[in-house]
Amino acid sequence: SETAKPVPVVIVGSGVIGLTIAHVLTEGAGAERYQVTIIARDLPEDLSSQAFASPWAGANWSPMQYDERLHRWEKQTFDKFWDMIPTGLVLKLPSKVYFEHEDAESQVWWKDIVRDFRVLKTEAYLPSNVKSGVEFHTVSINPEIYLPWLKSELESRRVQFIKRRLVSLDEAGKLAGEGGVVVNATGLGARSLIGVEDKKVFPIRGQTVIAHAPKASEFVTLIPAVKGDVATYLIPRPSPPGMVLMGGTFQVNNWDTSVDIATAEGILSRAKAFVPALADPETRILSHNVGLRPAREGGPRVEAQIVELPTKGDLVPKLVQGDDESAKVLVVHAYGFGPAGYQQSWGAAAEAMRSLCVLRPSVTS
Ligand code: FAD
């Protein structure tokens with residue numbers, strides 16, 4: 001009803017997924033319907049923390065393997081980002097994808113998502129392993145600008161931010177209280193958060209080089225014939241002017257967050273082979289980076305679940321202790337986005353919202 005009290009929602013995690021879910025929840029009438037608190041160990045201002053993935057992403061919309069569910073999220077997110085181009089937060093990005101096999105077009109399931117798609121005549125300067133290619137327009141963002149922007153949007157909608165590491169899901173349940181909702185957007189944290197403990201969650205290490213390269217204005221990537229550890233790409237950013245990110249590596253189950261110099265040299269030499277514009281004398285390195293993509297066997301988990309929280313017992317944290325034996329909380333899980341958290345963010349957030357409404361129909365009317 002009109003006078004209903006707002007539903008308390010505690011979102012654990014302040015990466016792109018937790019922030020985007022908060023944004024979708026508080027849109028329009030949602031701002032009155034939900035009272036959202038975000039609790040996270042790492043917040044959008046902690047841009048140098050390697051304990052979360054979001055600061056380290058490319059981040060662009062870049063084709064991945066086909067999957068019906070992900071395709072839906074990726075299309076929805078592409079369209080959303082495309083509409084945001086006039087804000088300056090999102091760059092309309094001329095793009096080239098090269099393949100190590102002859103028939104590029106047969107690999108391309110995403111040509112109706114991106115814009116201005118066409119098959120490319122391969123250029124003379126390309127390495128001999130490039131056999132075919134396509135060009136199109138996609139989008140990119142700069143996480144260092146986009147994440148703080150999301151946070152400021154949410155603060156203007158009275159979303160509260162608390163910097164804290166939680167040990168167990170129960171703590172979030174207790175904070176949400178009776179009738180509340182918990183959103184679990186903890187990325188790799190879902191592996192160790194008590195009450196979730198999802199051992200299907202694993203890291204994919206990504207090392208990158210950020211440079212000022214004002215002449216490199218296209219996204220370029222090579223899709224190898226055989227999938228491996230090495231990922232070659234260059235992604236220009238909307239701002240600051242001339243900034244590009246080069247990758248990289250795709251090292252499954254590697255938790256090492258230190259920079260490897262030999263890897264950095266490999267990234268640069270491969271990028272130069274594809275992007276002659278890097279030879280421009282104005283090009284200079286700005287930083288070397290490592291991030292861990294929060295992946296999950298079987299793909300991302302986005303689903304709602306009623307969880308019964310224990311409130312008694314020696315192992316139950318003090319914060320969660322209560323008079324009843326247990327408490328019931330609605331938990332919406334949203335983690336395991338691996339290499340594609342940005343490009344799935346708006347679609348996945350809409351899905352999280354739908355699954356919340358299915359299990360909590362009283363708040364949807
Ligand atoms: P995270 O950003 O890891 O956030 C997790 C949040 O949960 C953090 O706030 C953390 O502090 C919090 N948390 C965890 N455990 C706890 C706890 N116990 N208590 C409290 N808080 C907790 N994606 C794209 O779409 N396009 C790209 O081009 C792209 N390029 C990438 C390049 C690299 C090198 C890397 C590393 C990643 C790239 N990604 C890209 C992937 C993207 O970065 C991730 O998919 C995305 O950031 C995941 O967001 P998330 O919110 O799920 O997790």
Side-chain angles (χ1 to χ4, degrees), residues 10-22 38-47 49-64 70 73-74 77-78 81 93 138-143 146-147 150-151 161-169 171-172 175 183-198 201 203-210 219 221 231 233-235 237 245-251 254 257 267 288-296 300-302 333-349 352:
V10 172
I11 299 178
V12 190
S14 188
V16 66
I17 296 298
L19 295 169
T20 308
I21 291 173
I38 297 186
I39 300 185
R41 180 190 56 212
D42 308 276
L43 293 176
E45 56 268 33
D46 300 318
L47 291 170
S49 167
Q50 290 172 296
F52 70 143
S54 292
W56 310 104
N60 74 345
W61 192 104
S62 171
M64 304 266 163
L70 306 185
W73 298 348
E74 289 180 345
T77 307
F78 187 97
F81 279 148
L93 189 60
T138 185
V139 289
S140 74
I141 55 145
N142 180 349
Y146 186 69
L147 297 173
L150 277 174
K151 187 182 178 200
F161 285 79
I162 299 173
K163 188 176 167 86
R164 188 197 297 171
R165 168 183 171 257
L166 298 186
V167 174
S168 81
L169 195 65
E171 294 170 69
L175 287 161
V183 176
N184 167 27
T186 51
L188 281 178
R191 202 183 149 85
S192 52
L193 187 66
I194 294 174
V196 186
E197 296 152 85
D198 187 342
V201 169
I204 305 174
R205 180 179 180 277
Q207 185 171 326
T208 63
V209 178
I210 293 181
F219 165 54
T221 187
Y233 57 86
L234 180 144
I235 306 173
R237 299 195 142 170
L245 177 140
M246 289 170 271
T249 61
F250 204 85
Q251 293 166 303
N254 186 335
T257 53
I267 289 170
H288 295 280
N289 320 283
V290 176
L292 302 179
R293 303 171 179 93
R296 181 173 179 269
R301 181 179 185 199
V302 179
H333 298 284
Y335 62 87
F337 293 89
Y342 281 88
Q343 71 186 48
Q344 292 168 0
S345 56
W346 291 99

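Side chains are part of it too, since the values below use all heavy atoms of this structure and drop only hydrogens, waters and symmetry mates. In each ligand, atom 1 is the first atom listed, and ligand 1 is the first ligand listed.
Within the structure, ligand 1 has Val16 among the residues with a heavy atom less than 4.0 angstrom away. Using a 4.0 angstrom heavy-atom cutoff, Gln344 does not count as in contact with ligand 1. At least one heavy atom of Gly338 sits closer than 4.0 Å to an atom of ligand 1. Residue contact check for ligand 1: Tyr335 places no non-hydrogen atom closer than 4.0 Å to it. Residue-ligand proximity: Ala185 is placed with a non-hydrogen atom under 4.0 Å from ligand 1. Heavy-atom distances between Ser62 and ligand 1 stay at or above 4.0 Å for every pair. By the 4.0 Å heavy-atom criterion, Ala340 is counted among the residues contacting ligand 1.
Taking any N or O of Ser14, backbone or side chain, at least one lies under 3.5 Å from an N or O belonging to ligand 1. At under 3.5 Å, a nitrogen or oxygen of Gly58, whether backbone or side chain, sits near a nitrogen or oxygen of ligand 1. Any N or O atom pair closer than 3.5 Å counts here, and Leu166 shares at least one such pair with ligand 1. Geometrically, ligand 1 and Ala57 share no nitrogen or oxygen pair separated by less than 3.5 Å. Of the N or O atoms in Pro339, one or more lie within a sub-3.5 Å distance of an N or O in ligand 1. Considering backbone and side-chain atoms alike, Tyr342 places an N or O below 3.5 Å from some N or O of ligand 1. Considering backbone and side-chain N/O atoms, Val167 never comes within less than 3.5 Å of an N/O atom of ligand 1. At a 3.5 angstrom cut-off on N or O pairs, Asn60 counts as close to ligand 1. When only interatomic distances are considered, the shortest N/O to N/O separation between Gln207 and ligand 1 does not fall below 3.5 Å. At a 3.5 angstrom cut-off on N or O pairs, Phe52 does not count as close to ligand 1.
Here the closest heavy-atom approach between residue Arg41 and residue Lys163 is recorded as O-NZ, 3.3 Å. The heavy-atom pair separating Pro143 from Arg237 by the smallest distance is CD-NH2, 3.4 Å. Listed here is the closest heavy atom pair of Asp46 and Pro55: O-CG, 4.3 Å.
Among residues two or more places apart in sequence or in another chain, the ring pair (Phe, Tyr, Trp, His ring centres under 6.0 Å) test is passed with Phe250 by none. Tyr146 meets the side-chain hydrogen bond (donor to acceptor under 3.5 Å, both in side chains) test with Trp346; sequence neighbours excluded.
Close approach to Gly13 involves these atoms of ligand 1, each under 4.0 Å from a residue heavy atom: 6 (C), 7 (O), 9 (O), 12 (C). Remark: ligand 1 atoms within the under-4.0 Å shell around heavy atoms of Gly291 are 36 (C). Residue Arg165 has at least one heavy-atom neighbour below 4.0 Å for each of these atoms of ligand 1: 19 (N), 20 (C). Numbered from 1 in the order shown, with element, the atoms of ligand 1 that lie under 4.0 Å from a heavy atom of Pro294 read 44 (C), 48 (C). Atoms of ligand 1 lying under 4.0 Å from at least one heavy atom of Ser54, given by number and element, are 1 (P), 2 (O), 46 (C), 47 (O), 49 (O), 51 (O). Listed by number with element, the atoms of ligand 1 under 4.0 Å from a non-hydrogen atom of Gly189 are 14 (C), 15 (N). Shown in contact with Leu193 at under 4.0 Å from a heavy atom are these atoms of ligand 1, numbered in order with element: 18 (N). Residue Ala59 has at least one heavy-atom neighbour below 4.0 Å for each of these atoms of ligand 1: 27 (C), 28 (O).
In this structure a side-chain-to-backbone donor-acceptor pair under 3.5 Å is missing from Glu171 to Leu166. For Thr77 (side chain) and Gly347 (main-chain N/O), a donor-acceptor pair under 3.5 Å exists by modelled atom type. Trp61 places a side-chain N or O within donor-acceptor distance of the main-chain N or O of Glu74, the cut-off being under 3.5 Å.
At a 4.0 Å heavy-atom cut-off, ligand 1 touches Thr208 through the side chain alone. Looking at Ala40 against ligand 1, both its backbone and its side chain come within 4.0 Å, counting heavy atoms.
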- [ ] Apply the test side chain to side chain donor-acceptor pair (under 3.5 Å) to residues Tyr233 and Asn60: give CA-CA distance (whole Å), side-chain angles for both, the deciding distance (0.1 Å), then the verdict.
- [x] CA-CA 11 Å; Tyr233 57 86; Asn60 74 345; over 6 Å; no
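Ring planes of Trp73 and Phe337: tilted class, angle from 30 to 60°.
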